[in-house]
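So the structure is just underneath, and the comments pick up after that.
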Amino acid sequence: PVVAGIDAQGHQGERRAGGLRYRPSPPVLAALALGVVLTLALVALVWQAALRSHENAFNAEAAGVRDNVLGNIKITDEVITNLATVVGSTTHVDADQFRVFSEDVLRRHRFLLSTSYLPLVTGTERRVFEQARHTSGFPTFRITTREQRIYLPAPERDRYFPLIYLEPFEPQTAVMIGFNVLSEPELAAPALAAIDSGAASPAAPRLLDQGVHGYWLFKAVYAGKEVPSQVADRQSAVHGLVALRISADTLLRDALASRAIDVRLRMYPSGETVAVDVAARVPEPAATMGATLLVLRRSDTISVGGQRLELDMQRAVLWRDFVSAQLIAAILTGILVTALLVLAARQAQLRARELQRHATEVERQVREKTAELAVEKERAQVTLASIADAVITTDGGGHVDYLNPVAEQLTGWRQEEAVGLPLDSVFHTRGETSPSAGESAVPGKTREGVLVSRAGQEIAIDQSVAP
């Protein structure tokens with residue numbers, strides 16, 4: 001059988017053969033639900049604050065990378081512009097002056113692999129130009145083309161832009177001397193675009209001779225100090241090119257410094273509408289180990305002169321990055337608040353049940369006392385009805401509330417008629433010493449008198465009044 005009951009802590013439950021099975025009451029469940037909601041809200045606030053902190057930190061680092069990349073791209077534009085100014089300031093380019101300028105910028109900027117000068121040589125001038133290079137200390141000089149990394153004599157054509165100055169001049173790069181950039185379509189297009197635009201023009205990224213990823217950057221040198229305003233005038237006034245070879249890997253590494261961000265650098269080669277990858281950097285594996293919670297991303301476009309690049313950055317936020325002291329404190333605080341709410345609800349429930357039990361007990365006692373009084377009253381009325389004396393009882397205001405049968409007979413009033421009437425109206429007496437003077441019974445006195453009944457009959461009586 002199942003018997004409803006209350007356990008020692010005031011919790012409602014069901015008694016079964018094995019004891020009491022706890023069943024939480026609605027107030028306790030409501031307190032528990034409120035505590036859970038507050039805990040979740042507190043955790044959400046801390047979570048949002050942590051997320052904003054990570055986003056702000058990432059945006060700050062990404063902005064730093066963007067500014068560094070932008071600064072390096074500006075450096076390439078400034079260097080090639082200054083190099084074109086140095087070369088264009090004289091009709092005869094001095095090798096020593098070119099070397100001194102180049103050594104200075106290459107020493108200060110590690111991502112610049114080399115500088116070069118490529119004069120315009122027409123087809124009719126080729127043989128004379130090659131002989132002039134022989135007499136100036138380069139007996140094996142020839143204008144070449146490149147096929148599968150092998151340099152061969154260039155075929156006849158209308159014009160050439162052979163590389164004659166190269167810094168740093170090293171054994172592994174010496175083979176490039178005389179290389180005609182117009183012989184390779186990947187280099188010819190940006191070179192010609194540099195002539196037509198008057199701005200620096202990048203070639204498509206490639207694996208350079210040193211085995212690093214990078215790209216060529218060309219700028220035209222014109223006769224005279226000013227760049228012609230019309231394309232046709234630029235094409236007729238050009239007398240050479242200057243070029244930089246740029247290590248995109250080093251450029252990006254210098255921009256990143258120690259930042260743990262995934263970065264991909266893409267560029268739009270001259271005349272192209274689709275960006276191609278230049279370089280990418282990812283953090284060390286140890287920095288990204290763990291379960292990924294979310295990935296923060298940002299993209300920026302960088303335009304300097306004729307160079308246009310896209311910088312895509314992202315960083316994985318790991319679960320361990322969010323398990324902070326603030327989050328643990330929020331969870332513990334929420335649990336504590338929940339426990340306090342549940343405890344308060346249980347205590348309130350206990351107090352309510354205790355009050356209910358007390359009220360029930362008081363009500364029971366009142367019912368018992370009322371029953372006892374009713375029994376006593378009934379016994380008193382039976383006693384009063386059985387005695388030979390007339391008895392009249394009144395309330396505190398002197399109004400009749402009971403007459404026994406003898407009193408009914410003497411006064412001539414029935415009980416149901418007399419109840420509620422003033423005592424003087426039912427029990428009218430006068431003293432024997434002054435029969436003409438009507439008097440009423442006075443509480444606290446006992447005396448002889450004459451009762452005048454309702455019918456006017458006079459009856460000698462002994463009257464007494466008791467509280």
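Source: prediction; values computed, not measured.
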Output a table of donor-acceptor pairs, distance under 3.5 Å, between side-chain atoms of residues 32-39 and any protein atom two or more places apart or on a different chain; print 'none' if there are none.
unit_1, atom_1, unit_2, atom_2, d
T39, OG1, G35, O, 2.8
T39, OG1, G334, O, 3.0
T39, OG1, T338, OG1, 3.4

Here the pair of heavy atoms bringing V391 nearest to N404 is N-OD1, 2.9 Å
Working to the nearest 0.5 Å, report the span between CG of D77 and NZ of K219. 6.5 Å
Might you confirm whether atom CD of Q230 has over 12 heavy atoms from other residues, nucleotides or ligands at distances under 6.0 Å? no
Under 3.5 Å donor-acceptor, S425 side chain and L421 backbone: no
All ring-ring contact (aromatic ring centres under 6.0 Å, His included) counterparts of F111, not counting sequence neighbours: H109
Q235 versus I195, closest heavy-atom pair with distance: CA-CG2, 4.1 Å
For atom CD of E368, decide whether the heavy atoms of other residues, nucleotides or ligands shown that lie under 6.0 angstrom number more than 12. yes
Closest non-hydrogen atom pair, P422 against H399: N-CD2, 4.0 Å
Salt bridge flag under 4.0 Å for residues R454 and E417: yes
pair R234-D196: side-chain heavy atoms closer than 4.5 Å: no
Of all residues at least two apart in sequence or in a different chain, which pass the ring-ring contact (aromatic ring centres under 6.0 Å, His included) check with F101? none
Name of the residue among V450, I392, T429 meeting side-chain contact (heavy atoms from CB on, under 4.5 Å) with Q463: T429
Answer yes when R264 and D277 have at least one side-chain N-carboxylate O distance shorter than 4.0 Å, and no when they do not. yes
Taking N72 for the side chain and L251 for the main chain, is one N or O donor matched with an acceptor at less than 3.5 Å? yes
One thing to verify: whether E186 and R206 come together as a salt bridge, which I'm taking to mean a side-chain N less than 4.0 angstrom from a carboxylate O. no
